[in-house]
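One structure is given below, encoded as structure tokens.
Quick caveat, the model's predicted, so the values are computed rather than measured. Numbers restart at 1 for each chain; the letters A, B, ... are given by sequence-line order, proteins then strands.
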Amino acid sequence: MYSERVMDHFMNPRNMGEIPDADGVGEVGNPACGDIMRITLRIEGDRIVDAKFKTFGCAAAIASSSMATELIRGKTLDEALAVTNKAVAEALEGLPPQKLHCSVLAEEGIRKAIADYRARHGSPEASGG
Amino acid sequence: MYSERVMDHFMNPRNMGEIPDADGVGEVGNPACGDIMRITLRIEGDRIVDAKFKTFGCAAAIASSSMATELIRGKTLDEALAVTNKAVAEALEGLPPQKLHCSVLAEEGIRKAIADYRARHGSPEASGG
Amino acid sequence: MKYLCVEPGCSMNTTVNRRSRLVYMDHAATTPVRPEVVEEMLPCFTERFGNPSSVYALAREARVTLEKARRQVADAIGANPKEIYFTSGGTEADNWAIKGVAAANRKKGDHIITSAIEHHAVIHTCQSLEKQGYRVTYLPVDEFGRVDPASVEEAITDKTILVSVMTANNEIGTIQPVAEIAKVAHDHGVPFHTDAVQAIGAIPIDVDNMGIDLLSLSGHKFGGPKGTGALYIRDKTRIGTFMDGGAQERGRRAGTENVPGIVGLGKAIELAVAEMPEKSPRLAAMRDRLIKGILETIPETRLNGHPTERLPNNVNVAFRYVEGESILLMLDALGIAASTGSACTSASLEPSHVLVACGLPHEEAHGSLRLTLGSRNTEEDVDYVLEVLPRVIERLRRMSPLSPE
Amino acid sequence: MKYLCVEPGCSMNTTVNRRSRLVYMDHAATTPVRPEVVEEMLPCFTERFGNPSSVYALAREARVTLEKARRQVADAIGANPKEIYFTSGGTEADNWAIKGVAAANRKKGDHIITSAIEHHAVIHTCQSLEKQGYRVTYLPVDEFGRVDPASVEEAITDKTILVSVMTANNEIGTIQPVAEIAKVAHDHGVPFHTDAVQAIGAIPIDVDNMGIDLLSLSGHKFGGPKGTGALYIRDKTRIGTFMDGGAQERGRRAGTENVPGIVGLGKAIELAVAEMPEKSPRLAAMRDRLIKGILETIPETRLNGHPTERLPNNVNVAFRYVEGESILLMLDALGIAASTGSACTSASLEPSHVLVACGLPHEEAHGSLRLTLGSRNTEEDVDYVLEVLPRVIERLRRMSPLSPE
Ligand SMILES: Cc1ncc(COP(=O)(O)O)c(C=O)c1O
Ligand SMILES: Cc1ncc(COP(=O)(O)O)c(C=O)c1O
Ligand code: FES
Ligand code: FES
């Protein structure tokens, strides 16, 4: 059912946890399956220096959170916003069709965390803040 | 499906054939299955001294004819008329329910042969003819 | 070896030297499961026994074997694995195809076209739909059991929602002009179903070339296990569910998958189709020798079914003046397993609806014998049947009041 | 042996010393076929392979084994062999019972009563009847999953044609007051069907004492093969056919009989019922140790289902803050096969309809684990689960944004 990559990120999740006093927090939920994800970011300048997640959800959701936080660490905010759920799923060597929405959750969590940061630090456009 | 008795009478039928210039002939058919039986009798005085059959039909029909002719040989006409299909089936150690009608054919064949004899030799009541 | 004594009254049972090996010539009724097939199935009973719907490793293994079998079935008929749905046999496939299409198209129409010589799994399903208000045309066949594609054209109306004609008949072996019939159906936008239960492994089947939208098959007819089958459903065909429940078979056929059975079905169909180019001509040669031998040595005998458009393993002959069950039981006593028509109606008193549809009078329909060959049959088996059968018929004819003196 | 490391990021896969033996605790999903059962089945594939409807010796042998299996099934539930009809599984038995009774009684009424926690084979069948215009009442259950017989009384109308309530639930193991419910149905002249798929071999069943008119069972739940089942139909119960075709099963269920499967079903049910008096208490003791151990060592956990009116082999617990599939996959990595609810819905995103009907909030329904025991499970297996499960839950809770800090 799941690729080895998914199982690896599920069994050994990277960046699991919560950044205290995070600069950006995004919590998203999927009404269809009831799963919930919280992404916390540490941002310095325009760059994500740390990203952590907590996830209540299936293996695909946990692996997606793990992979998504890996992908955005060290990236600028705009680069991070360009990370789509498709990119997450691809990095995981694919997800079963009915589990694609789990990677969408990860994409949305990141967007929401960045939006939270921007809201707190000025307009979304003024990303140089 | 069939008892050993049925199989024995089917494989080794007694009294198979046709009596030339028989004293009584009965041919009956079952409209349900299309099977046909011809009983021929040699009658001396009031007694059946020989009985033969020819049957187009299933194993139960052949065995029933064989057994029925066995049962009536040597009997008086009235005794022979008392041989029911049930007696034939019992003598065969039973028949499957959907095959009971095959023994009815034998009973009817005998009745018809005796009736033929009586019709040719006077009234049915005047069996001493 | 002594053969059947033809003197009435002689004790055939004891004088005949029973052959130790059974001559099984009823492969249209069912076939032995091939040892290679049993071998594939065995581990699925006790070790790889997981429920394919579960998530753990044991279950994922079961799912993998299931999908392998689906590909094997798909490859055998030129389909996509996504179009294969496993069922409990040919009967369920027929029920599902016809009832499922009927239910899903009720608003579009209420008319079904089939033939008079279909298997009961189709005929009785159609009759049950008639009770629900559907209308069914049972197309006539010619003396050889063939459906005329032109008769489909004539029968079709704008209320027709399904045409169902079998690929090959189980009693007389006649092969239908399926591609032509499918074309007529498609010209009118009507889906085409075929019961190919007898055809798989005997003649080449390609659902695309032949224009088949739904196809029924059954495992036990080609060396697979009883209680397994499949329905091919062409993508986008409108069809309802038949078996409601769990989400198995992509939500279209509920019930825990019969994993060992399905694995056996997959293996068996792969072998059957692979061996067909060698096996079919070999069986056809034996068939032709049987037919020729029987017609030549037994008077007042006719061949039922089509002389050439015929399954390679099917012999069906009518003997005047004798009745089928008696023939079968005498052959049985001599170690030959055969049948009159379809096995599932042998308990019935009715003559075969197939032979009657071909125009046989009732007594001749009653006096028919079907011999269907399989890969284990040998030329020696053919010799034995040709030696024994004339004596059996002669013996029974001597018992028959219908025989001319 | 090393157990699951609870430090996030630690490589559980490699540090855990995988046990060589799988701890299979998903017997409600399916069971391995018992070796004695396979042994009975084997000759039916390759040697005694005859079609039971044929007339020759090989076929008559098949019929004899078939009738033996019918008696074994009948004896297991206190029925007459004539009232047993073989099917392709529990799903078909449920479909036939409900659709068959509905069709045969359409003129009498159009109302069916069932419960909200039935298996999908019943629920989806009822929903498909609703689409055809029948009305269905889905009775609610209490927090333990029990149907109140009084609610049946309330729901019944003069248009009610069937009451169908399962004997025991497949997810939470709750046993229903079947005899009381049957009595209510009978008081109103309504036939009573029960899906006893999970109950056979676990609790005693007697169709007469319990007032059961129709009963579904499935072979693979008690050591028999997948793809086999039976429907008990009490004499004189009005029911239509479901599978139309040949004259098998006294004309009520068409399709070549799955002889090996049926023989296996017969043997398995005989063994299961014979061993029940010893096995059920033994499994119940393990069950209770599991439940007690889990509730004591893992906080914020509750037992789903009834505390005492419960299948002897069923454990079902809800863990707050965690999600079921994650639990299953971690347990799988540790060599434990378990499930969340019924296997056939594990692919779905919906929470279990059974747990929701019992009043669980959606997140808790999502965080449920079912462990179902079988005869091969040992006390050591229980120890292992009790050692590993708390670590799995703790690990997942540390990942969960819902856990309290
Ligand atoms: C042409 C045909 N259709 C359908 C069937 C039914 O298949 P099954 O017995 O597997 O249900 C058979 C054989 O019995 C058959 O010969
Ligand atoms: C209660 C219940 N009913 C019906 C079924 C369906 O049985 P089967 O999978 O044999 O079709 C199951 C199991 O899957 C079950 O647990
Ligand atoms: S199923 Fe919803 S997040 Fe995976
Ligand atoms: S079936 Fe008619 S006489 Fe036997």
| Name the one of D:Val392, D:Val385, D:Leu389 that satisfies side chain to side chain contact (heavy atoms under 4.5 Å, CB included) with D:Leu334? |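 Exactly one pass, corresponding to D:Val392.
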| message | Set out, in order, the CA-CA distance, both residues' side-chain angles and the distance that settles side chain to side chain donor-acceptor pair (under 3.5 Å) for D:Ser339 and D:Arg370, then state yes or no. | response | CA-CA 5 Å; D:Ser339 80; D:Arg370 179 184 75 177; 3.1 Å; yes
| query | With only heavy atoms counted, which part of D:Leu402 is less than 4.5 Å from chain A, the side chain, the backbone, both or neither? | reply |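 When you check distances to chain A, only side chain atoms of D:Leu402 fall under 4.5 Å.
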| request: Quick one: list whatever passes side chain to side chain donor-acceptor pair (under 3.5 Å) with A:Glu90, sequence neighbours left out. | output: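 Counting only residues at least two positions away or on another chain, A:Glu90 forms no side chain to side chain donor-acceptor pair (under 3.5 Å).
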| request: Apply side chain to side chain donor-acceptor pair (under 3.5 Å) to D:Asp383 and list each qualifying residue two or more places apart in sequence or on a separate chain. | output: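 Testing D:Asp383 for side chain to side chain donor-acceptor pair (under 3.5 Å), a comparison that skips the adjacent residues, returns D:Arg289.
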| said: What residues of residues 55-64 of chain A make heavy-atom contacts with chain D at a cutoff under 4.5 angstrom? | reply: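 Against chain D, the residues of residues 55-64 of chain A that fall inside the cut-off (heavy atoms, under 4.5 Å) are A:Thr55, A:Phe56, A:Gly57, A:Cys58, A:Ala59, A:Ala60, A:Ile62.
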| message | Counting C-beta onward and ignoring hydrogens, is there a side-chain heavy-atom pair between A:Ser65 and D:Met399 closer than 4.5 Å? | response |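 SC-SC contact between A:Ser65 and D:Met399 ruled out.
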| said: Going by ring pair (Phe, Tyr, Trp, His ring centres under 6.0 Å), name the residues that satisfy it together with A:His9, two or more places apart in sequence or in a different chain. | reply: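 Applying ring pair (Phe, Tyr, Trp, His ring centres under 6.0 Å) to A:His9 gives none.
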